[in-house]
Amino acid sequence: MPEESMFPDFEDDIDVFFDGILRHIEENQNAHLRSSRNDCEIVVKAYWHTYMIARIIVYSFLDHHIGKEECIREWLGIWTRFIDSLNLLRDSLVLGLQGRIIGAAILLRPALESIITGAFYNHLSQAEFRERAKVLKGVSCGENNELPFLDVVEKAIENIEDNDDISFRLENEITKLAMKSSPELRLPKYGVMVRQLVEWGVPNNEPEFIVKHIHGDFFNKVLSGYAHSLLPESYLGRGEAPDVALSLPADKKSIQEYTRIFQGACIIILLYFLGSTEDMQKTREFSEAITKYLQNNPNADSVLASIPDQILESIEENDL
C-alpha cells in the first residue's frame, strides 16, 4: 500500500495530524468509490429516499394544518425516534463511503433499535392498541414476575397531565418509573416489541420481511459478527491480509454485505415510520407531494423494494 495513504502518525502538532487525516480519508474514499461505485450509490439512494419520504409525510401534514403546529404533538414520539435512527444511518453512510465498514455496520443495530422502540411506544400510547396488546398481557417487569408491564404503562399515563403529550412522554415516563423502582424494573426486550408490533399489524405489510431481517441480520448474525472481530463475518475471521484486517482498505465482500444490510435497515425503518403515521398520510398535500416525488424518482423501488408501490396504492385506496 502506498506510504502516502497510510494513517498518519501524531507528532505533537494537531493541525498537521488533522491535515494528514483529511488526506488519508480523501485517498481512501476515492479508491473506495472507484472500486465500489455501485454499492456506494445504493447506500446513498437508500438513505436519501428514506429521509425524503419521511420528510414529505411530516411537512405535508404541517402544510395541511397551516398555522397549527401543535397538531404534530401526537406523533412527536415516533418523529423524534425516527430522527435518532436517521442520524445513525447518516453516520453509518459517511463511514461506509470512507470504506470503514466495521464501524459503519455497527451503527445499524442502534438505528433499528431506536425505530422499533419509537413505533412500539407510539402505539402503546393509544388506548385502542393497549386494549388488544395480547403479547404484552403475558409480560411482567418485576423481579419475581409479579408486576404486569401494562400496569406500569397505565401508571405512567396517569403521571402525564396533558393527554396530547402521552405519545411524546410515555417512553420517558415508563423509563423513569423503571429506574426509580428498587430493584429496577425490566422493560420489554426488542424481540417482544417486534412481536407485539406484528400482532398489532405494524406495519400492515411485509411483517415477514421485518421479522426475518431484524432477527437474521441485525440481532443474531451479521451485526453481532461485526461487534466481535473474531467471528466469521468480520475481517479477521475471514483470514484476510493484515491491511484488510485493519480495515485498510475495506474488502469487496464486506462492502457488498454492508450495502445489503444498510439497504435492509432503511426499508425496515421507513416501513415502521409509515406504519406509525398512517393518519398523517391521509391529506391531499401528502398525495400531491409524494406522487410528484416518486414520479421524479422512478427508480426509488430499486433500493426501497415495494415501498413506493405500497404508498401509491394506499393513496388510491383512500381516494386522495
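Position 1 is the first residue of the sequence; numbering continues from there.
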Contacts of type side chain to side chain contact (heavy atoms under 4.5 Å, CB included), residue [X], not counting sequence neighbours:
X	answer
Q263	I42, I267, V303
D279	W75, K282
S306	E206, Q310
R34	N30, A31

When you measure from the side chain of [X] to the backbone N and O of [Y], does any donor-acceptor pair fall under 3.5 Å?
X	Y	answer
S114	R81	yes
T283	F286	yes
S276	Y272	yes
S314	I311	no
S60	I57	yes
Q126	N122	yes

According to side chain to side chain donor-acceptor pair (under 3.5 Å), does anything in residues 8-19 pair up with another residue at least two apart or in another chain? List the pairs.
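For residues 8-19, and leaving out neighbouring residues, there are no side chain to side chain donor-acceptor pair (under 3.5 Å) pairs at all.
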Could you give all pairs that pass the side chain to side chain donor-acceptor pair (under 3.5 Å) test and reach residues 42-54, with sequence neighbours left out?
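Every side chain to side chain donor-acceptor pair (under 3.5 Å) pair that includes a residue of residues 42-54, provided the two are not neighbours, is E41-K45, H49-Y293, Y51-R55.
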Taking every non-hydrogen atom, the tightest pair across [X] and [Y]:
X	Y	value
Y121	M193	CE1-CE, 4.3 Å
I315	S287	CG2-OG, 3.4 Å
A54	W79	O-CZ3, 4.2 Å
L304	A46	CD2-O, 4.4 Å
A265	L108	CB-CD2, 4.3 Å
I78	G118	CD1-C, 3.5 Å

Hey, what do you get for [atom1] ([X]) to [atom2] ([Y]), rounding to the nearest 0.5 Å?
X	Y	atom1	atom2	value
S181	L147	OG	CG	7.5 Å
I290	L312	CD1	CG	8.0 Å
E285	I56	CD	CD1	13.0 Å
H123	W200	NE2	CH2	7.5 Å
I210	L112	CD1	CG	8.5 Å
I174	I157	CD1	CD1	7.0 Å

[X] versus [Y]: any side-chain heavy-atom pair under 4.5 Å?
X	Y	answer
M179	T175	yes
H32	I255	yes
V192	R195	yes
V44	L97	yes

Can you list the residues that meet the salt bridge (Lys or Arg N to Asp or Glu O under 4.0 Å) rule with [X], with sequence neighbours excluded?
X	result
E313	none
E173	R169, K176
D162	R73

Is it true that E26 and R23 have a side-chain N and a carboxylate O under 4.0 angstrom from each other?
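No, this pair does not count.
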Salt-bridge contact E257-K253 (side-chain N to carboxylate O under 4.0 Å)
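Salt bridge between E257 and K253, a charged N being under 4.0 Å from a carboxylate O: no.
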Listed pairs under 3.5 Å, donor-acceptor, residues 129-138 side chains, sequence neighbours left out:
from: R130; atom 1: NE; to: E154; atom 2: OE2; distance (Å): 3.2
from: R130; atom 1: NH1; to: L124; atom 2: O; distance (Å): 3.0
from: R130; atom 1: NH1; to: S125; atom 2: O; distance (Å): 3.1
from: K137; atom 1: NZ; to: E131; atom 2: O; distance (Å): 3.4

When you check the side-chain N and O atoms of Q281 and T277, is any donor under 3.5 Å from an acceptor?
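Per modelled atom types, Q281 and T277 side chains form a pair under 3.5 Å.
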Do R109 and E113 pass the salt bridge (charged side-chain N to carboxylate O under 4.0 Å, His left out) test, and can you show the C-alpha distance, the side-chain angles, and the key distance before you say yes or no?
CA-CA 6 Å; R109 176 162 177 162; E113 290 174 347; 3.0 Å; yes
Going by ring-ring contact (aromatic ring centres under 6.0 Å, His included), name the residues that satisfy it together with F18, two or more places apart in sequence or in a different chain.
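Per chain and number, F18 pairs via ring-ring contact (aromatic ring centres under 6.0 Å, His included) with no residue.
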Applying ring-ring contact (aromatic ring centres under 6.0 Å, His included), name anything that partners F262, two or more places apart in sequence or on another chain.
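For F262 the ring-ring contact (aromatic ring centres under 6.0 Å, His included) partners, ignoring immediate neighbours, are Y258.
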